[in-house]
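Here is the structure we will look at.
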Amino acid sequence: MVPGVRWRAGRGHGRTRSRAGARTREATVTQATTGATRNTRQRTEVLALLRELDGFHSAQQLHQMLVQRQAKVGLTTVYRTLQMLVDNGEIDSARLPGGEHLYRRCSQSRHHHHLVCRRCGRAVEVAGPAVERWADQVAAQHGFTDVGHTLEIFGTCDRCAA
């Protein structure tokens with residue numbers, strides 16, 4: 001057994017069943033220990049949709065858009081896929097003051113921040129060199145190294161304010 005890997009009881013010779021189909025124990029262990037992910041139809045559909053959109057969107061909004069396209073993707077699968085894409089650095093996530101998470105595929109691969117409209121989700125990617133310097137200074141003052149941070153600025157865009 002591999003430490004930290006939870007096994008689900010399945011039928012057959014070392015296989016577990018999920019809605020996506022059968023997976024071998026070896027595939028599960030590989031994913032859990034290396035971070036490798038399968039390229040599923042659902043993941044492809046979510047990524048394709050995010051490539052077409054501007055701004056941040058909630059998981060529910062993305063799910064509704066997929067349903068309108070007649071994609072066979074459940075809301076739970078959308079949530080899981082979005083979290084995996086965030087964890088892999090393929091998309092960005094912003095948390096609204098009320099706690100809801102919004103998602104988008106960013107055009108920049110370097111570290112950046114977002115200015116996000118509370119009403120429509122429109123986002124502008126912004127660099128924040130002053131924030132970067134401040135974060136480094138605060139970390140150094142407290143003896144921290146290998147520091148990361150996130151910063152989202154929320155407001156109302158000019159289109160929604162008009």
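Quick note: numbers below take in every heavy atom, side chains included, and nothing from hydrogens, waters or symmetry partners. Bear in mind the structure is a predicted one, so any value in this text is a computation, not a measurement.
To the nearest 0.5 angstrom, D92 atom CG is 11.5 Å from L85 atom CG. Taking CZ of R104 as the reference point, atom CG of L102 lies at 11.0 Å (rounded to 0.5 Å). Rounded to the nearest 0.5 Å, atoms OG (S58) and CD (E100) are 4.5 Å apart. The OG1 atom of T145 sits 11.0 Å away from the CG atom of D136 when rounded to the nearest 0.5 Å. We find the CD1-CG distance between I91 and L82 to be 4.5 Å, quoted to the nearest 0.5 Å. Once rounded to the nearest 0.5 Å, the distance linking CZ of R105 with CG of L47 reads 5.5 Å.
Following chains of ILVMFWY side-chain contacts shorter than 4.5 Å, one cannot reach L49 starting from V67, and the two form parts of different hydrophobic clusters. L53 and Y79 are assigned to two separate hydrophobic clusters, defined by single-linkage of ILVMFWY side chains at heavy-atom distances under 4.5 Å. In terms of hydrophobic clustering, with Ile, Leu, Val, Met, Phe, Trp and Tyr side chains grouped at heavy-atom distances under 4.5 Å, V86 and L62 are assigned to a common cluster.
Residues passing the side chain to side chain contact (heavy atoms under 4.5 Å, CB included) test with T76 are R80, sequence neighbours excluded. A search for side chain to side chain contact (heavy atoms under 4.5 Å, CB included) contacts involving F154 returns A94, L96, P97, V116, R118, E152, not counting sequence neighbours.
Among residues at least two apart or in separate chains, ring pair (Phe, Tyr, Trp, His ring centres under 6.0 Å) pairs with a member in residues 40-69 are F56-H114. Pairs engaging residues 61-75 under the salt bridge (charged side-chain N to carboxylate O under 4.0 Å, His left out) rule: E52-R69 [sequence neighbours left out].
The minimum heavy-atom distance between E45 and L66, with the atom names listed, is O-CD2, 3.8 Å. Across every non-hydrogen atom of V131 and H113, the tightest pair is CG1-NE2, 4.2 Å.
Looking only at side-chain heavy atoms (C-beta outward), R43 and E90 come within less than 4.5 Å of each other.
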Would you list the atom pairs, donor with acceptor, under 3.5 Å between side chains in residues 155-162 and any protein atom, with sequence neighbours excluded?
from : atom 1 : to   : atom 2 : distance (Å)
D158 : OD1    : R122 : NH1    : 3.1

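In this structure, the side chain of T44 engages the main chain of T40 through a donor-acceptor pair within 3.5 Å.
In the hydrophobic clustering (ILVMFWY side chains linked at under 4.5 Å, chained through shared members), F144 is joined by V147.
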Could you walk me through whether Q61 and Y103 pass side chain to side chain donor-acceptor pair (under 3.5 Å), step by step?
CA-CA 10 Å; Q61 290 170 328; Y103 306 90; over 6 Å; no
